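To start, the structure under review is shown below, and the notes come after it.
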Protein chains: 2
Amino acid sequence: MKEGPDIALLGSVIGDPARANMLIALMSGKALTATELASEAGITVQTASSHLSKLEGAGLLQQRKQGRHRYFALADEDVAEVLEALMGLAASRGLMRTRTGPKDPALRRARVCYNHLAGDLGVQLFDSLQQRRLLTGTETDFALTDAGRDFLEDLGIDVEALERERRPVCKSCLDWSERRTHMAGALGTALLDRFIGLGWAERVPKSRIISFSPKGQKAFETHFPTVN
Amino acid sequence: MKEGPDIALLGSVIGDPARANMLIALMSGKALTATELASEAGITVQTASSHLSKLEGAGLLQQRKQGRHRYFALADEDVAEVLEALMGLAASRGLMRTRTGPKDPALRRARVCYNHLAGDLGVQLFDSLQQRRLLTGTETDFALTDAGRDFLEDLGIDVEALERERRPVCKSCLDWSERRTHMAGALGTALLDRFIGLGWAERVPKSRIISFSPKGQKAFETHFPTVN
DNA sequence: TTCATGGTTCGATGATACCCGAAGCATTGA
DNA sequence: TCAATGCTTCGGGTATCATCGAACCATGAA
């Protein structure tokens with residue numbers, strides 16, 4: 001009888017698109033509810049529940065009950081590392097997905113990633129700042145230029161206050177869903193908060209969608225234009 | 001549209017037991033033919049061919065034509081590393097396979113591994129020698145004792161001749177299919193040859209099965225008993 | 001208690017794909 | 001040229017499993 005680690009089981013568990021989406025969503029380190037994960041994977045809650053129990057059965061997830069909610073998170077660091085390794089290998093082989101992902105296009109347009117803006121608009125924001133030399137440096141390691149500081153102050157962001165925080169001000173987020181960089185860190189958080197404070201956008205309850213009003217949409221385009 | 005590394009595709013490719021068996025067999029670093037891999041996975045060549053093209057399509061394998069044969073090997077080091085990581089994770093979650101593997105129980109009983117005996121009998125052989133202090137050392141690094149040399153000489157094996165070869169005489173093989181150690185190296189080869197020479201066993205054509213005759217079976221048990 | 005919400009379980013459906021028999025190429029040797 | 005070997009392709013049978021509707025539990029609020 002052949003014995004040994006059952007990588008086939010592990011592979012098949014990871015190998016379902018819905019489950020893979022959930023796992024990658026959980027790579028944020030955050031614990032998410034079944035409903036959130038279902039939305040993330042673009043499936044119904046029943047289906048998600050089935051997937052979650054499989055993932056838990058394989059030891060990839062841990063579950064924490066808290067009141068009426070059940071929070072799911074990756075079991076430990078090792079799981080995240082293996083997923084990371086798989087993503088690296090997939091990327092190096094040019095295995096990119098296209099049609100999977102959340103059904104709701106709003107999620108792809110603008111959503112919250114931790115506490116900053118992700119999705120198309122998140123990428124646009126970063127590109128715009130970089131194209132106009134308000135940022136300097138590389139995609140992964142960058143900083144505000146003087147012009148950048150002025151620009152953000154005009155927008156009503158207290159850059160100096162951000163710099164007093166412990167968190168890095170400028171931090172790139174190579175979000176799993178995009179291969180493009182977008183802005184994270186203290187500045188990323190401040191920008192999203194400011195958009196909401198200005199009434200440009202609001203968080204849609206019970207989802208990760210950021211909904212821009214028509215006026216806010218226009219203002220965003222004005223402040224963060226891109227060449228193409 | 002979500003884009004990013006498609007770990008689901010990668011997972012599903014690895015996630016089939018037959019393909020996983022092939023991949024693990026290739027982790028030896030050796031290039032194997034389609035027929036060998038089919039036998040390793042316990043499936044027919046046609047099916048194996050289909051699997052191999054999928055693995056190659058996913059960039060996990062590379063193929064080398066040589067005459068009438070086609071040798072398959074892991075594409076590169078990265079693939080092996082990811083597989084290793086998966087095996088580690090699976091092991092840490094207690095995900096061990098039990099019922100998979102070659103369908104033919106004869107293959108599990110006694111088969112050739114490169115050029116030495118593997119399977120249940122291979123493990124039994126090693127255990128027996130170790131229990132009776134004919135071997136000294138650890139599971140991975142061991143040597144013959146004087147008693148061991150005498151024992152093998154009685155069996156008709158020219159130990160001194162083996163020692164004149166370049167290959168190590170004693171070498172453990174932590175075969176991928178067994179977590180138990182069995183005997184490889186020049187001595188492993190010599191033992192298998194001797195079993196065949198003595199008429200205890202013979203290689204079944206076109207497979208890796210080693211078939212022991214009833215008489216050979218009994219002689220093997222006599223020479224290599226185990227306590228349990 | 002009653003209602004509402006978050007999740008799970010059950011059953012049925014449909015699609016995916018694993019598998020092998022048979023036939024078809026390709027290469028080598030006689 | 002013929003035969004043998006190694007491998008791939010094709011076609012169909014079968015089984016697994018993802019999916020969702022509906023019903024069922026559990027927790028918390030009114």
Side-chain angles (χ1 to χ4, degrees), chain A residues 6 8-23 26 31-58 61-73 97 99-104 205-208, chain B residues 6 8-23 26 31-58 61-73 97 99-104 205-208:
Chain A
D6 192 348
L9 178 56
L10 213 45
S12 68
V13 167
I14 299 173
D16 178 81
R19 286 194 289 265
N21 281 337
M22 293 179 174
L23 287 172
L26 288 171
L32 301 175
T33 66
T35 308
E36 288 171 318
L37 287 167
S39 150
E40 197 70 33
I43 54 178
T44 61
V45 245
Q46 311 96 290
T47 309
S49 178
S50 158
H51 286 312
L52 288 169
S53 64
K54 273 181 192 166
L55 287 168
E56 201 178 2
L61 255 47
Q62 66 178 132
Q63 182 181 159
R64 204 177 60 231
K65 294 184 72 167
Q66 192 168 355
R68 203 154 28 180
H69 298 267
R70 292 193 182 187
Y71 287 95
F72 293 88
R97 67 176 146 194
R99 115 196 112 72
T100 52
K103 286 175 182 169
D104 194 337
K206 299 174 193 174
S207 91
R208 297 173 62 199
Chain B
D6 193 349
L9 178 56
L10 212 46
S12 68
V13 168
I14 300 172
D16 178 81
R19 286 193 290 265
N21 281 339
M22 293 179 175
L23 287 172
L26 289 171
L32 300 175
T33 65
T35 307
E36 288 172 316
L37 288 168
S39 151
E40 198 71 35
I43 52 179
T44 62
V45 238
Q46 311 94 290
T47 309
S49 178
S50 159
H51 285 311
L52 287 169
S53 65
K54 273 180 194 168
L55 287 168
E56 201 177 3
L61 256 48
Q62 65 178 134
Q63 182 181 160
R64 202 178 60 231
K65 293 185 73 168
Q66 190 168 355
R68 202 154 30 178
H69 297 267
R70 292 193 182 188
Y71 286 94
F72 292 88
R97 64 177 151 191
R99 119 195 110 74
T100 51
K103 286 176 181 170
D104 196 336
K206 299 177 192 173
S207 89
R208 299 174 60 200

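The chains referred to below are lettered A, B, ... by the order of the sequence lines, with proteins before strands, and numbering in each begins at 1. Owing to the predicted nature of the structure, the values given are computational and were not obtained by experimental measurement.
Proximity of L61(B) to M22(B): side-chain heavy atoms (C-beta onward) are nowhere separated by under 4.5 Å.
Of all the heavy atoms in L26(B) and F72(B), the pair that sits closest is CD2-O, 3.2 Å. Minimum heavy-atom separation, A41(A) to A18(A): CB-O, 3.7 Å.
At dC17(D), none of the side-chain N or O atoms of S50(A) fall inside 4.0 Å of OP1 or OP2 (strictly under the cut-off). Note on H51(B): every side-chain N or O is 4.0 Å or more away from OP1 and OP2 of dA17(C).
Using a 4.0 Å heavy-atom criterion, one finds that F72(B) contacts the sugar-phosphate atoms exclusively. Residue contacts for S53(A): at a heavy-atom cut-off of 4.0 Å it reaches no nucleic acid atom on any strand shown. A18(A) comes within 4.0 angstrom of the backbone, heavy atoms only, and of no base.
One can place CG of L55(A) at 16 Å from P of dG7(C), the figure rounded to the nearest angstrom. The OH-C1' distance, from Y71(B) to dG6(D), rounds to 11 Å in whole Å.
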Original post:
Which parts of nucleotides 21-30 of chain C does protein reach within less than 4.0 Å, heavy atoms only, written one letter per nucleotide 5' to 3' as B for base, S for sugar-phosphate only and - for none?
Top reply: BB----BB--

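Nearest-nucleotide mapping onto DNA chain D: of T33(B) and K54(A), the residue sitting toward the 5' end is T33(B).
Taken over five-pair windows at either terminus, the axes of the helix from dT1(C)-dA30(D) to dA30(C)-dT1(D) are inclined to one another by 20° (rounded to 10 degrees).
Across dA18(D), dC18(C), dT8(C), the shortest atom-to-atom separation from the side chain of R19(A) is found for dA18(D).
R19(A) places a side-chain N or O within donor-acceptor distance of the main-chain N or O of V13(A), the cut-off being under 3.5 Å.
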